[in-house]
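Contents: one structure, followed by commentary.
Every heavy atom of this structure was used, including side-chain atoms; hydrogens, water molecules and symmetry mates were not. Residues take their numbers from the sequence shown, with the count starting at 1. Whatever order the structure lists them in is the order used to number ligands and atoms, beginning at 1.
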Amino acid sequence: MTKGDNMDWGMKNRISRIIKPDTGRAVMLAVDHGYFLGPTSGLEEPGKTIEPLLPYADSLMLTRGVLRNSVCPEHPVPIVLRVSGGNSIVGEDLSRETLTVSVEDAIRLNVSAVALSIYVGSKYEHQTLRNLSTLINECERYGIPVLAVTAVGKEMTRDARYLSLACRIAAELGAHIVKTYYCEDFEKVVNTCPIPVVIAGGKKIPEKDALKLAYNAVNDGAVGVDMGRNIFQSQDPVGMIKAVREIVHKKGKPEKLYSSLKLGKK
Ligand code: 5RP
């Protein structure tokens, strides 16, 4: 510890629960999908899905409702609480999100960070960026890190130009971590973003490809993953999260780790 390191002690302490100081990397397990998708495939009974995966997750990203009802409060896993919502997959516009949880309640739930989506370029862009700014202002008072998720509307292209724009705006507004998608020229997204970047896995893809995605992302500068469907929708969810851990924290090779999965015959 050097002089000045006592500044923002709570903020640094909470970030170190998510981005592990020994490797500088993070394996976050995302199970917050129900906030706009309802009973997502693989998360119909969240508690049953989450329980076997918990020992391998550095942190768990989820909503207040699933946290209270499906996670044992005695489990030491750090929580990244989703605090935006108010939209649904069948609603008027997915980008129309609001803040759903007070910072006071997040503190009561002893979270390590809060997460919120921004929809840059969408109809409700301004509202979601205001949500982010309001949340950051409030969280700074208590030393709670804010993770911004760069949600991508159906009409948006997930390319480096767009994702750099969205990540950079999140960082400029004061987010502490940003979650985005992997894309071609991903180094550009990371290099132009002054805060740590984690990637979402996106829709379920073959396990081999999902492991390569995690490998490429950390190789190109991401501090880790905040992955959901490619873990819990796999035929071997525990095998997948263990393989992702090896890649993120130990630079494991995807091909070798893929062969260790118990995938059975298709
Ligand atoms: C949705 C989210 C989800 O957590 C997210 O997309 C997670 O994971 P995956 O894409 O890997 O299923 O933030 O906005």
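- The closest protein non-hydrogen atom to atom 13 (O) of ligand 1 is Arg82 NH2, 3.0 Å.
- Counting atoms of ligand 1 from 1 in the listed order, those under 4.0 Å from a heavy atom of His33 are 7 (C), 8 (O), 9 (P), 12 (O).
- Set against the non-hydrogen atoms of Ala200, the atoms of ligand 1 under 4.0 Å away are 10 (O), 11 (O).
- If you number the atoms of ligand 1 from 1 as listed, the ones under 4.0 Å from a heavy atom of Arg229 come out as 9 (P), 10 (O), 11 (O), 12 (O).
- The shell of residues lying under 4.0 angstrom from ligand 1, judged by heavy atoms, includes Val149.
- Transitive grouping of hydrophobic side chains (ILVMFWY, heavy atoms separated by less than 4.5 Å) brings Leu116 and Val31 into a common cluster.
- Ligand 1 has at least one atom lying under 4.0 Å from a heavy atom of Gly202.
- For Lys48 and Glu51, the salt-bridge test fails: no basic side-chain N is under 4.0 Å from an acidic carboxylate O.
- Closest protein heavy atom to atom 7 (C) of ligand 1: Lys179 NZ, 3.3 Å.
- Scanning all protein heavy atoms for the shortest distance to atom 4 (O) of ligand 1 gives Asp32 OD1, 2.4 Å.
- Residue Ala30 approaches ligand 1 through these ligand atoms, each under 4.0 Å from one of its heavy atoms: 4 (O), 7 (C), 8 (O).
- With hydrogens and angles ignored, the 3.5 Å screen pairs no side-chain donor or acceptor of Asn131 with any backbone N or O of Ile118.
- Contact check on Lys242 versus Asp236 returns no salt bridge, with no Lys/Arg side-chain nitrogen under 4.0 Å from an Asp/Glu carboxylate oxygen.
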Report, one line per pair, each donor and acceptor closer than 3.5 Å where one atom sits in a side chain of residues 179-189; sequence neighbours left out.
from, atom 1, to, atom 2, distance (Å)
Lys179, NZ, Asp226, OD2, 2.9
Thr180, OG1, Thr150, OG1, 2.7
Tyr182, OH, Asp220, OD2, 2.6

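- Applying the salt bridge (charged side-chain N to carboxylate O under 4.0 Å, His left out) rule to pairs touching residues 116-131 yields Glu92-Lys123, sequence neighbours excluded.
- Near Met227, meaning under 4.0 Å from any of its heavy atoms, are these atoms of ligand 1: 11 (O).
- No donor-acceptor distance shorter than 3.5 angstrom exists from the side chain of Arg245 to the backbone of Val27, with no hydrogens or angles considered.
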